[in-house]
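Before any comments, here is the structure.
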Amino acid sequence: MIPFNYITSGQSHGKGLVVVISNVPAGVRIDDDYINFQLSRRQRGYGRGGRMSIEKDEIEIIGGIINGETTGSPISLVIKNKDYENWKNKEVEPVTRPRPSHADLVGGIKYRRRDLRDVLERSSARETAIRVAGGAIARKILEDIGIKIGSFVDLIGGIECRVEHFSFSVEEIQKITDESPFRLLDRSKEDKIKELVDKAKIEGDTLGGSFTVVIDNVPVGIGSFTIPEYKLDANIAFSMLSIQAIKSIEFGIGYEYGYKSGKYVHDQIFYNNDKGFYRKTNYAGGIEGGMANGQRIYFRCYMKPIPTLMSPLLSVDIDTKESFEAIKERSDIMAVPAASVVAENVVAIDILRAIMYRYGFDHIEIIKDGIKNDFRRFEWL
Ligand code: EPS
């Protein structure tokens, strides 16, 4: 039995997107507005293409939530694609010139599609809209038990905007980044980044970057070292790499582990009667041995530049086998801010799953009681 088990379906320019989620605890109050707010956060950001002015993503709840409360039954949600109206009677040319770095070519070989549109319709990042909708439910459950998630963009097209985030609460991070068109915590770099994105647009180019996700108040001991599939960091890495265009992830100080010796990178352990066990540093990113250690969880994800270029790279036509430029499609120039919102809502699922494995599946109050009682259990230490 997999907690918060979900599957999505739908294409970028089809009628809409669907998610079905089983094993969601009952007793959680949630409404359309909560989910729609997360959807609107994902749609914002400078660098998106024309599609975002067509869509205004809104959820329709089909099952599993009655009078604003989860019932324990599978939840199903739908988002209609507004752009479908423009596509349904349109003569669409088959796609035969795959974009380098997109799923087009390999997907076509694998599923034997002569029209690569069959591949790109599903591999499109449009699918992240419905994942955010599903993830928003997990996020609401976490909020009800005091867990907070935020994110900020820290690199776009080579412009670094890293910030030491420990002095910011998650609420502060959310407030600042939600007001920034690039979701920056250090907003001083906005003009420089805007220039770079505008230049990429003129040159028919695209940009990638990175973002950091921070999560506070995760209970000690969720996740497990005992079985690879239970490791919290491994599960988060899986989810993050499943988000379109995310190519790498690092926890805590990440790549710096390769540059410094052990005595500079491990978080020493202290104890006093007030705090119990505590650390003065958090290099590990809040996870040790695949388990949350009670500190802030933080990790950074890197996103590649979007493969759809208006000045396309070389490709081969799958029909003629001749060298051509790859197809040009309307697309985004830079979507790192949107990806950070997707990551926030998707990681909520991983945290919630680990919590449900420890504290139960059936009702939010059972989970809350479990967490409360754990504080007593930890006294044996
Ligand atoms: C995408 C291409 C663009 C993006 C889309 C992802 O869509 P279109 O081809 O319709 O212009 O806007 O992202 C979304 C629609 C979204 O909701 O995020 C792609 O090829 O991945």
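These numbers were taken from a predicted model, which means no experiment stands behind them. Start at 1 with the first residue, then count along the sequence.
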Exercise for the section: Verify the distance criterion only: is there a donor paired with an acceptor across the side chains of Arg51 and Ser12 at less than 3.5 Å? Expected result: yes

Exercise for the section: Would you check if there is a donor-acceptor pair between the side chains of Ser210 and Asp154 at a distance under 3.5 Å? Expected result: yes

Practice task
Would you please indicate yes or no on a ring centroid separation below 6.0 angstrom for Phe182 and Tyr46?
Solution key: yes

Exercise for the section: Indicate yes or no: does Arg126 engage Glu55 in a salt bridge with an N to O separation below 4.0 Å. Expected result: yes

Handout entry: Salt bridge flag under 4.0 Å for residues Lys140 and Asp31
Key = no

Handout entry: Ion pair Arg97/Asp319, N-O distance below 4.0 Å
Key = no

Exercise for the section: Could you tell me whether Arg139 and Glu344 make a salt bridge, using a distance below 4.0 angstrom between a side-chain N and a carboxylate O? Expected result: yes

Handout entry: Any side-chain heavy-atom pair of Phe168 and Ile176 under 4.5 Å
Key = yes

Handout entry: salt_bridge(Arg183, Asp178) N-O dist < 4.0 Å
Key = yes

Practice task
State whether a side-chain donor-acceptor pair under 3.5 Å links Tyr230 with Asn235.
Solution key: no

Practice task
State plainly whether the residues Asp267 and Lys280 are in salt-bridge range, i.e. N to O under 4.0 Å.
Solution key: no

Practice task
Sequence neighbours left out, what passes side chain to side chain donor-acceptor pair (under 3.5 Å) with Lys192? Give chain and number order.
Solution key: none

Handout entry: Members besides Ile109 in its Ile/Leu/Val/Met/Phe/Trp/Tyr cluster (side-chain heavy atoms under 4.5 Å)
Key = Val95, Leu105, Leu116, Leu120, Ile318, Ile327

Practice task
Quick one: sort the His165 and Tyr298 rings into parallel, tilted or perpendicular, breaks at 30° and 60°.
Solution key: perpendicular

Problem - Between Asn345 and Arg131: side-chain donor-acceptor atoms closer than 3.5 Å - result: no

Practice task
State whether a side-chain donor-acceptor pair under 3.5 Å links Thr308 with Glu329.
Solution key: no

Handout entry: Salt bridge Lys175-Glu179, side-chain N to carboxylate O under 4.0 Å
Key = yes

Problem - Between Glu127 and Thr8: side-chain donor-acceptor atoms closer than 3.5 Å - result: yes

Handout entry: Salt bridge flag under 4.0 Å for residues Arg113 and Asp118
Key = yes

Practice task
Before accepting this row, confirm whether a basic side-chain N of the pair Lys82/Glu85 lies closer than 4.0 Å to the acidic partner's carboxylate O.
Solution key: no

Practice task
Could you tell me the separation between the CZ atom of Arg48 and the CG atom of Asp332, rounded to the nearest 0.5 Å?
Solution key: 4.5 Å

Practice task
State whether a side-chain donor-acceptor pair under 3.5 Å links Asp33 with Asn36.
Solution key: no

